[in-house]
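Right, one structure below, let's go through it.
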Number of protein chains: 2
Amino acid sequence: MAYVEDRPHSPPNQPLPALDINIWKRRWVEFQRHHGLKTTSQRELIVDVFLHCQEHVSVEELLQRVRERNARVGYATVYRTMKLLIEAGLAVCRHFGDGQTRYEVSGPETPHHDHLICERCGLILEFENDEIERLQDNVAQRLGFKIVRHKLELYGLCPKALGVPGGHCPDEESRAAKTNSRP
Amino acid sequence: MAYVEDRPHSPPNQPLPALDINIWKRRWVEFQRHHGLKTTSQRELIVDVFLHCQEHVSVEELLQRVRERNARVGYATVYRTMKLLIEAGLAVCRHFGDGQTRYEVSGPETPHHDHLICERCGLILEFENDEIERLQDNVAQRLGFKIVRHKLELYGLCPKALGVPGGHCPDEESRAAKTNSRP
DNA sequence: CTTTTTGCAAATTCTTTGCAGCCCA
DNA sequence: TGGGCTGCAAAGAATTTGCAAAAAG
């Protein structure tokens, strides 16, 4: 079993290997052609930024990063592009407790991973477990399904929340102070 | 491994055994007392209707059923009550692809189950697999977490969608014709 | 040139809140 | 009584849509 350690919330630490990104870009180009989509700088930018995001970005976060490179991109374009990316199978969306849709890179080539979420402080860890995946396929097969993707989220208490009974988690404030900076 | 068969979308087929409902009701009463909540006919009605729902009801569906018994109940009360039920650990919420929050009965006594969702027709199957659960606890333990609850959703193609390449799924229309009957 | 795409703002949808009156304890 | 509870309507938040101007092929 392999697991990836501790990557709390959004700021991406290490972008995906350029190789993988190219695989997805190729798939994106293919999708564009197949659907007669035009190539626009905004869309390409959004796709690029998205593919460089490590994990589960919200539209707001994504747009923020996109605007670092082109300040004139609007929300609508991001929403529209994410819809395309989902259709293209490059992105999947997730809902953790807060009312935000988060997106992350998807695809058969991706080393898939699941999430472990602390209900007290919102810390999100990632992990991967081949055996679980195998059992999932098993179950699906038994019911006649063919699995395309899946979503596994474990909710509980992180070590910190457990260790200090009644105490705080580091993230607790940062969640409350969530700067809702949309105009 | 045990699995529960085929219960497409909402209309509940078989309510939970009265025994189980009583366990939850007892827990609810306990929660009420502990939180100094008053007993009101609306809330009790909502709780009762909810506990009798087989699976993943949306607020809209829930309210509709509640109104069969008391037409004057409002959305706000349902939302507020569902929040309490979640706090009380009697309900958990889920998001499948449509922009609706769905709720379902939860609790340690519940034989927990996960979902298998057809991306073509929206069919939702349920299943349960103890071994997967065990592996989940395992992973969590390794990362120092204590799991409270979890969410496993497998997305793919149902037998029908697989069997008839390019063909339709039964549910396809009913999803499109989704009567958005809110005033 | 034609067709898509964009950005804005307005519209929708789902959910939460403020508040006056109602009701349980 | 008196603080919680309800229903309504208004407020919020996230996402979608209509449209004229801009960009792509």
Side-chain angles (χ1 to χ4, degrees), chain A residues 28-29 31-47 49 56-64 66-67 69-88 91 93-103 175 178-183, chain B residues 28-29 31-47 49 56-64 66-67 69-88 91 93-103 175 178-183:
Chain A
W28 168 241
V29 171
F31 181 84
Q32 282 184 117
R33 177 169 26 232
H34 190 66
H35 288 251
L37 300 181
K38 292 184 174 178
T39 308
T40 71
S41 65
Q42 293 93 325
R43 213 144 54 182
E44 295 309 299
L45 172 57
I46 293 168
V47 171
V49 169
H56 37 74
V57 262
S58 65
V59 165
E60 185 151 354
E61 290 161 348
L62 186 56
L63 180 58
Q64 192 181 303
V66 164
R67 282 185 170 164
R69 294 215 245 154
N70 176 352
R72 300 198 23 53
V73 176
Y75 272 93
T77 305
V78 175
Y79 277 111
R80 288 189 273 233
T81 303
M82 290 317 296
K83 236 177 181 173
L84 290 174
L85 286 177
I86 286 171
E87 225 193 303
C93 53
R94 298 184 170 281
H95 299 258
F96 304 129
D98 55 2
Q100 296 233 265
T101 303
R102 288 166 184 282
Y103 301 87
R175 275 186 108 203
K178 189 174 71 177
T179 33
N180 237 332
S181 52
R182 208 212 269 208
Chain B
W28 168 241
V29 171
F31 180 85
Q32 282 184 114
R33 177 170 26 234
H34 189 66
H35 289 250
L37 301 180
K38 292 184 174 174
T39 308
T40 71
S41 65
Q42 293 93 324
R43 211 143 56 180
E44 295 309 298
L45 173 56
I46 293 168
V47 171
V49 169
H56 37 74
V57 261
S58 64
V59 166
E60 185 150 354
E61 290 162 346
L62 187 55
L63 180 58
Q64 193 182 302
V66 165
R67 283 185 170 163
R69 293 215 247 154
N70 175 351
R72 300 200 23 55
V73 176
Y75 273 92
T77 306
V78 175
Y79 277 111
R80 288 189 273 234
T81 303
M82 289 317 296
K83 237 178 182 173
L84 290 174
L85 285 176
I86 286 171
E87 224 192 303
C93 54
R94 297 183 171 282
H95 298 259
F96 304 129
D98 55 2
Q100 296 233 265
T101 303
R102 288 166 185 282
Y103 300 88
R175 277 185 106 203
K178 189 173 70 176
T179 33
N180 238 332
S181 53
R182 209 211 268 206

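Every chain is numbered from 1, with letters handed out A, B, ... down the list of sequences.
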From [atom1] of [X] over to [atom2] of [N], roughly how many Å is that when rounded to an integer?
X	N	atom1	atom2	result
R33(B)	dG4(D)	CZ	C1'	18 Å
R102(A)	dA14(D)	CZ	P	11 Å
H35(B)	dC5(D)	NE2	C1'	17 Å
Q42(A)	dA23(D)	CD	C1'	8 Å
L84(B)	dC5(D)	CG	P	8 Å

Each nucleotide N or O in nucleotides 23-25 of chain C that has a protein N or O under 3.5 Å away: list the pair and distance.
residue	atom	partner	partner atom	Å
dC24(C)	O3'	T39(B)	O	3.3
dC24(C)	O2	K38(B)	NZ	3.2
dA25(C)	OP1	T39(B)	OG1	3.3

Flag side-chain contact, heavy atom, 4.5 Å: [X] against [Y]:
X	Y	result
H56(B)	Q100(B)	no
L85(A)	F31(A)	no
T101(A)	H95(A)	yes
R43(B)	T39(B)	no

Considering just the side-chain nitrogens and oxygens of [X], establish if one lies under 4.0 Å of OP1 or OP2 belonging to [N].
X	N	answer
Q100(B)	dT13(C)	no
R72(B)	dG7(D)	no
T77(A)	dT5(C)	no

So how far is it from T81(A) OG1 to I86(A) CD1, rounded to the nearest 0.5 Å?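 If we round to the nearest 0.5 Å, T81(A):OG1 and I86(A):CD1 are 11.0 Å apart.
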So with a 6.0 Å cut-off around NE2 of H35(A), is the heavy-atom count from everything else above 12? yes
Anything under 3.5 Å between a protein N or O and an N or O of nucleotides 16-19 of chain D, put it in a table, one pair a line.
none

Under 3.5 Å, which protein N or O atoms sit close to an N or O of nucleotides 10-12 of chain D? Give each pair with its distance.
none

